[in-house]
Number of protein chains: 2
Amino acid sequence: MAEKTLKERIIDTALRLFEQYGYHGVTVDRIVTESDASKGGFYHNFKSKDELLYHIHDVFITYVLNKAQDAYKNYHTPTERLCAIVQSFVKVFHLYKPHITVFYQESTYLRPEYSQKINEKRDEFKRVIFQVIREGIEAGEFRPELSVEITGMSIIGMVNWTYKWYKPNGPMTIEQIATHFIDFILHSVLTEEAKQKVENISFFLASKQMI
Amino acid sequence: MAEKTLKERIIDTALRLFEQYGYHGVTVDRIVTESDASKGGFYHNFKSKDELLYHIHDVFITYVLNKAQDAYKNYHTPTERLCAIVQSFVKVFHLYKPHITVFYQESTYLRPEYSQKINEKRDEFKRVIFQVIREGIEAGEFRPELSVEITGMSIIGMVNWTYKWYKPNGPMTIEQIATHFIDFILHSVLTEEAKQKVENISFFLASKQMI
DNA sequence: GCACAAAGACCGACTAGTTGGTTTGTTTAC
DNA sequence: GTAAACAAACCAACTAGTCGGTCTTTGTGC
């Protein structure tokens, strides 16, 4: 395996420090020191501290958006799609927890030119979720009295909040957490008929090879 | 009605600015200018910029904790208590949206002596919610396979996330949003028997004079 | 009711320290 | 030789906090 490049080392260090102390709680000098780099090396790889922040945002949102779009493509009923999206969404927290923390804590400090790009991808992600819920209602799988927006934001909020409490080495694995979320969500959105079909939710997930 | 004191004017201005630009995106000078105060007036009322941040945190968490404790006292079944807590919790977003935004965006920047106090109240709030869920399961109203912690954090996350998208003058009133959340939550946590009793959720809420 | 002093509220120019970013010159590695 | 990276001095801008002073209110003795 190739050694880590300087750029990667800087990003790793910055991520760790930003997560703990916040973007403004960390100086460029400190990032440089703790990643065994130099100021020259830093500014060779990044135009500015702002650009580094943008880069962190972009890596995460790009990943999660792609995962959602893949999940949409690879499954073909609203219920399966919703499960798959939530599943992959939750799993991201294992890999990208520092990214996510920075994403939700520091996005106010993104400069306009950067935040615009990020917001486009974020909105696209929301659109996919809303779409699935809308199709679920139309297909009769989800309860017709649901509000697409509030249901969508409830799901997004519930999952996103994980970044505030999830501990990678805690008592719950990320898969267990995902299963609980999906259980919670399916009980809320499915119609009685659809619930009959799914029957046992854990079994349903297993049969779809999601867990 | 008495005029607003300087302190109140400073807090109002700071809240508005912090919400939009973040704690580090706003200087004391700017707060002072936009609240028609002076540097001296600011430091007469607050020991430091940090203390102002703490004050904002404390007002919100104290309010929401009291509301949850009141809801617990005033109702006597787990289902009613959960509804009442969520109800009052969501309503807080109407009054305290800027506080909440600052609370969740800027808490990393609270100095240790302050964040300790805040965390105690926040943990106490969580404790109340966990307690209600635990009692709901024990009483047979909530599904026994629920995880108290994950269910609790799901509810808290779902509601808290509201601060990211709620617009006080948007198409949904805060009461409508609260009703949707409660509907979502009750469908997830209630056992089949308990659902029979509650029957129609909107009707249930109305009968308890919650909406 | 008044004189006056003490306390508290508030002002704003100033300071001292910090920090993102630059520059210049050097070194390493393919 | 060229690009990536280092080292360190340097700067300009910014910003939290200070400090001496003024104005206003309140309390007290007579």
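Letters go in sequence order (proteins before strands), and every chain restarts at 1.
Here C:dA13 presents its P atom at 17 Å from OH of B:Tyr43, a figure rounded to the nearest Å. Atom CD1 in B:Ile31 sits roughly 17 Å away from atom C1' in C:dC10 (whole-Å rounding). C:dC10 atom C1' lies 14 Å from atom CZ of B:Phe46, rounded to whole Å. As a whole-Å value, the separation of B:Asp29 CG from C:dC14 P is 14 Å. Taking atom NE2 of residue B:His24 and atom P of nucleotide C:dT18, one finds them 14 Å apart after rounding to whole Å. Atom CG in B:Leu6 sits about 14 Å away from atom P in D:dT25, given to the nearest Å. The interatomic distance linking A:His44 (NE2) with C:dG20 (C1') rounds to 19 Å, in whole Å. One interatomic measurement links the two molecules: CD1 of A:Ile10 to P of D:dA5, which rounds to 8 Å at whole-angstrom precision.
When heavy atoms are screened at a 4.0 angstrom cut-off, A:Val26 is found touching the sugar-phosphate backbone but no base atom.
Closest contact between the side chain of A:Lys39 and the listed nucleotides C:dC10, D:dG17, C:dT22 involves C:dT22. Distance from the side chain of A:Thr27 is smallest for C:dG20 among the nucleotides C:dG20, D:dA7, C:dC10. Comparing C:dG20, C:dA9, D:dG17 by their nearest atom to the side chain of B:Lys49 picks out D:dG17.
You'll find the ring centres of A:Phe125 and A:Phe89 inside the 6.0 Å limit. For B:Tyr104 and A:Trp161, the ring centers sit closer than 6.0 Å to each other.
The side chain of B:Asn45 places an N or O atom within less than 4.0 Å of a non-bridging phosphate oxygen (OP1 or OP2) of C:dC10.
Between the side chain of B:Tyr54 and the backbone N or O of B:Lys117 there is no donor-acceptor pair closer than 3.5 Å.
Between the side chains of A:Asp50 and A:Tyr114, not a single donor N or O lies within less than 3.5 Å of an accepting N or O.
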